[in-house]
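Down below is the structure, laid out as structure tokens.
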Amino acid sequence: MASVEQAPAAAQGGTGIPVENPATGETITTVPTLGREDVHELVARARAAQPAWDAIGFDERGRVLRRAQKWVTDNAERIIATIVSETGKTYEDAQLAEIMYAAAAFGFWAKEAPAFLADEPMKSANPLVKGKKLVVRYRPVGVVGVIGPWNFPLTNSFGDCIPALAAGNAVILKPSEVTPLTSLLMAEGLRAAGLPEDVFQVATGDGATGAALIDEVDFVMFTGSTKTGKKVMERAAKTLTPVGLELGGKDPMIVLADADVDRAANAAAYYSMNNGGQVCISIERVYVEAPVYDQFVAKVTERVKSLRQGRSDGPGSIDVGAVTFPPQLDIIDKHVRDAVRKGARVLTGGRAGNGPGMFYEPTVLVDVDHSMSCMTEETFGPTLPIMRVGDAEEALRLANDSPYGLQASVWTKDTRRGEQLARRVEAGAVCVNDAQVNYTALELPMGGWKSSGLGTRHGAGGIRKYTQQQTLLVTRFAGKRDPHMFPYKRRTTLLLGKLTRLLYGRGKRD
Ligand code: NAD
């Protein structure tokens, strides 16, 4: 299915999902909710189309992906308009974190897929396989189901489809019911780039549509909340279908006394408020060493106070956009209210904006601690709680006091010490004097520890997960019978025992 109008007949008569512009409250359109039968039909079409897509090889697939890359840059304004309309984010958040990401990703996977998935000739030290050809190869799994969230409809929903396609799979994308339009537009883009029919399809719908997809596909790539991620894994276990899970986070920022306070404050304001704070790798909490705490808080508050919030009216019009998903507004407010009730102070913001549209004021909280949900649960909004700490060890202990482990940052002019501290943070990625930009380096694996996920995207692992690894052993020169074959003979058995001792039993041990 490539567009709303082309939804399966069965879905046309079913319930529809209204898609709203969160910055205005207007309904943009309605998309169908696909049921189990519809999903089954899409998967059958995908299965029929996949072998030919695999057979055309990396070069031909790369050509399609590079044409799609050009389509993205040629149609950037249209894609940005679609993303902005269904998410309420700023023009800049759509351009930098979505268009630039997707354009880069098409080129990256077109170029790197052949190397990441090339046959790997192996050598073994084991005498039993001496002289034999040993190869590891990667074969596409078949049909990949991608289930995505609403915060980055291009980068975090569609983005994971690109390596899956590059590997030779057919893909069915189930976008968030909140933001399905970007995915439908990308289906049009892939068609324009010459992608064969049914190799990429979009299954619009809700959680039940996602669950139906899990039952049918060969790999599930899920990005979303930890709560749903657990359900996805449980469901996939019924068919023993492998999953990749990119889940929630509560990223800590540790500011040491010798940090460049201006840079740290600018980064804290930006990386907590960009995309309205709705970034899985947002800075969600800050720990600042006492000597620079007051200075840091003053600078951050000044930056945050100056942010312009509202409906995007093109480049440079606003800094912070809307809250995309209605229930999120309540979660953000609940975290702020809980903190205030327990003694926190609001230095700026602290309220939902006045309608129309869904906004929460960019908010800075101080006098916070780990008894407050704003420091322990994912807020996923434009809030920044800042906590004073006695030293780096206290900051590290608090940073690691979390069920999440997605990303973190350490700020210090002593980069050696910063890196040492970074290595002790329990997170899949840690930046020193930076945040978030590691995500743009597609060579770097990205994935959460603890409750933040399972597996990685990007890098070699980001495409190999969409394949089945197969080992090949080819014996070219051999006798009629190898010594270890039947019948067992005393002499051979004793000889093999001697050989084992010779190979592995000699030498001194401590
Ligand atoms: P969500 O878990 O509510 O929904 C994600 C997707 O799962 C949606 O498409 C939804 O329809 C689908 N879904 C819901 N129930 C399902 C079920 N039972 N079976 C299958 N699919 C089901 O998440 P959200 O609110 O859309 O997104 C926000 C969350 O995503 C945040 O926690 C954020 O941190 C996380 N996120 C993580 C990353 C990352 O890379 N780690 C990136 C972006 C967002």
Side-chain angles (χ1 to χ4, degrees), residues 17 19 22 31 33-34 36 39 86-87 89 93 97-98 101 145-160 172-180 182-183 202-217 220-238 241 243-251 275-284 323-332 377-381 402-407 427-429 436 438-439 444-458 462:
I17 307 171
V19 183
V31 298
T33 305
L34 268 59
R36 179 160 287 279
V39 170
E86 65 179 347
T87 61
K89 66 176 70 178
D93 287 332
E98 306 237 53
Y101 177 89
V146 177
I147 302 174
W150 45 260
N151 60 331
F152 287 108
L154 184 54
T155 297
N156 282 149
S157 284
F158 183 79
D160 286 317
I172 296 173
L173 169 59
K174 206 302 277 175
S176 167
E177 53 272 51
V178 186
T179 55
T182 305
S183 301
V202 179
T204 56
D206 52 17
T209 312
L213 188 61
I214 295 169
D215 295 345
E216 301 253 2
V217 294
V220 181
M221 181 59 226
F222 174 82
T223 304
S225 63
T226 298
K227 190 170 158 218
T228 312
K230 288 179 183 173
K231 286 188 202 162
V232 167
M233 193 165 171
E234 202 177 325
R235 181 112 195 174
K238 292 190 178 27
T241 303
V243 295
L245 303 175
E246 300 287 347
L247 310 176
K250 189 73 192 169
D251 294 4
N275 212 53
Q278 300 157 116
V279 185
C280 54
I281 49 174
S282 273
I283 292 176
E284 284 247 340
V323 173
T324 303
F325 183 46
Q328 203 64 38
L329 208 54
D330 295 335
I331 296 172
I332 300 166
E377 293 173 24
E378 188 181 42
T379 308
F380 220 54
S402 173
Y404 294 110
L406 193 54
Q407 174 139 336
Q436 287 188 16
N438 55 304
Y439 199 93
L444 289 176
M446 175 75 216
W449 290 6
K450 304 199 271 188
S451 292
S452 288
L454 195 69
T456 54
R457 58 161 65 97
H458 303 164

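When a residue number appears, it is its place in the shown sequence, counting from 1. Note that ligands are numbered from 1 as they come in the structure, with each ligand's atoms numbered from 1 the same way.
Every N/O-N/O distance between Leu406 and ligand 1 stays at or above 3.5 Å. Among the atoms of Thr226, none of the N or O lies under 3.5 angstrom from an N or O of ligand 1. Considering backbone and side-chain N/O atoms, Tyr439 never comes within less than 3.5 Å of an N/O atom of ligand 1. Some N or O of Leu247 is nearer than 3.5 Å to an N or O of ligand 1, by distance alone. Close N/O approach between Lys231 and ligand 1 is not found [any backbone or side-chain N/O within under 3.5 Å].
Looking only at side-chain heavy atoms (C-beta outward), Glu246 and Phe222 stay at 4.5 Å or farther from each other. With contacts defined as side-chain heavy-atom distances shorter than 4.5 Å, the pair Glu177/Thr204 does not qualify. With contacts defined as side-chain heavy-atom distances shorter than 4.5 Å, the pair Leu245/Met233 qualifies.
Interatomic distance, NZ of Lys89 versus OG1 of Thr324, reported as 6.5 Å (0.5 Å rounding). Between atom CG of residue Leu173 and atom CE of residue Met221 there is a gap of 11.5 Å, rounded to the nearest 0.5 Å.
Test Asn275, Val178, Thr179, Thr182 against Thr87 for side chain to side chain contact (heavy atoms under 4.5 Å, CB included) and you get one pass: Thr179. The one candidate from Asp215, Ile214, Val220 that meets the side chain to side chain contact (heavy atoms under 4.5 Å, CB included) condition with Thr241 is Val220.
In Thr209, neither the side chain nor the backbone holds a heavy atom less than 4.0 Å from any atom of ligand 1. Within the 4.0 Å heavy-atom criterion, the part of Pro175 lying near ligand 1 is the backbone and not the side chain.
Within the listing of ligand 1, atoms 42 (C), 43 (C) sit less than 4.0 angstrom from a heavy atom of Asn156. For ligand 1, the atoms lying closer than 4.0 Å to a non-hydrogen atom of Asn151 are 43 (C), 44 (C).
At least one heavy atom of Ser176 sits under 4.0 Å from some atom of ligand 1. Residue contacts with ligand 1 include Gly148, since one or more of its heavy atoms lies under 4.0 Å from the ligand.
Residue nearest to atom 21 (N) of ligand 1, selected from Gly244, Gly210, Ala203: Gly210 (by heavy-atom distance). With atom 30 (O) of ligand 1 as the reference point, the heavy atom nearest to it among Ser282, Gly224, Gly447 is part of Gly224. One option in Gly229, Ser225, Cys280 has a heavy atom closer to atom 39 (C) of ligand 1 than any other, and that option is Cys280. One option in Arg235, Lys174, Arg457 has a heavy atom closer to atom 40 (O) of ligand 1 than any other, and that option is Arg457.
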Please assess Tyr439 against Tyr101 for the test ring-ring contact (aromatic ring centres under 6.0 Å, His included), listing each intermediate value before the final yes or no.
CA-CA 9 Å; Tyr439 199 93; Tyr101 177 89; 5.7 Å; yes
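Side-chain atoms of Gln407 do not come within 3.5 Å of backbone N or O of Ile281 as any donor-acceptor pair. No donor-acceptor distance shorter than 3.5 angstrom exists from the side chain of Thr155 to the backbone of Phe152, with no hydrogens or angles considered. In this structure, the side chain of Lys250 does not engage the main chain of Leu406 through any donor-acceptor pair within 3.5 Å. At distances below 3.5 Å, at least one donor-acceptor pair connects side-chain atoms of Ser452 with backbone N or O atoms of Gly405.
What sits closest to atom 12 (C) of ligand 1 on the protein, heavy atoms only, is Ile147 CG2, 3.7 Å. Looking only at heavy atoms of the protein, atom 32 (O) of ligand 1 is closest to Glu378 OE1, 2.6 Å. In terms of protein heavy-atom proximity, atom 7 (O) of ligand 1 is closest to Phe222 CE1, 3.2 Å. Of the protein's non-hydrogen atoms, the one nearest atom 27 (O) of ligand 1 is Pro149 CB, 3.2 Å. If you check which protein heavy atom lies closest to atom 15 (N) of ligand 1, you get Thr228 CG2, 3.3 Å. Atom 28 (C) of ligand 1 has its closest protein heavy atom at Phe380 CE2, 3.8 Å. Looking from atom 25 (O) of ligand 1 to the surrounding protein, the closest heavy atom is Trp150 NE1, 2.8 Å. When only non-hydrogen protein atoms are considered, atom 10 (C) of ligand 1 lies nearest to Glu177 OE1, 3.5 Å.
Aromatic rings of Phe325 and Phe380 (six-membered ring for Trp) have centroids beyond the 6.0 Å cut-off, not under it.
Nearest heavy atom pair, residue Asn156 against residue Pro149, reads O-CD, 3.8 Å.
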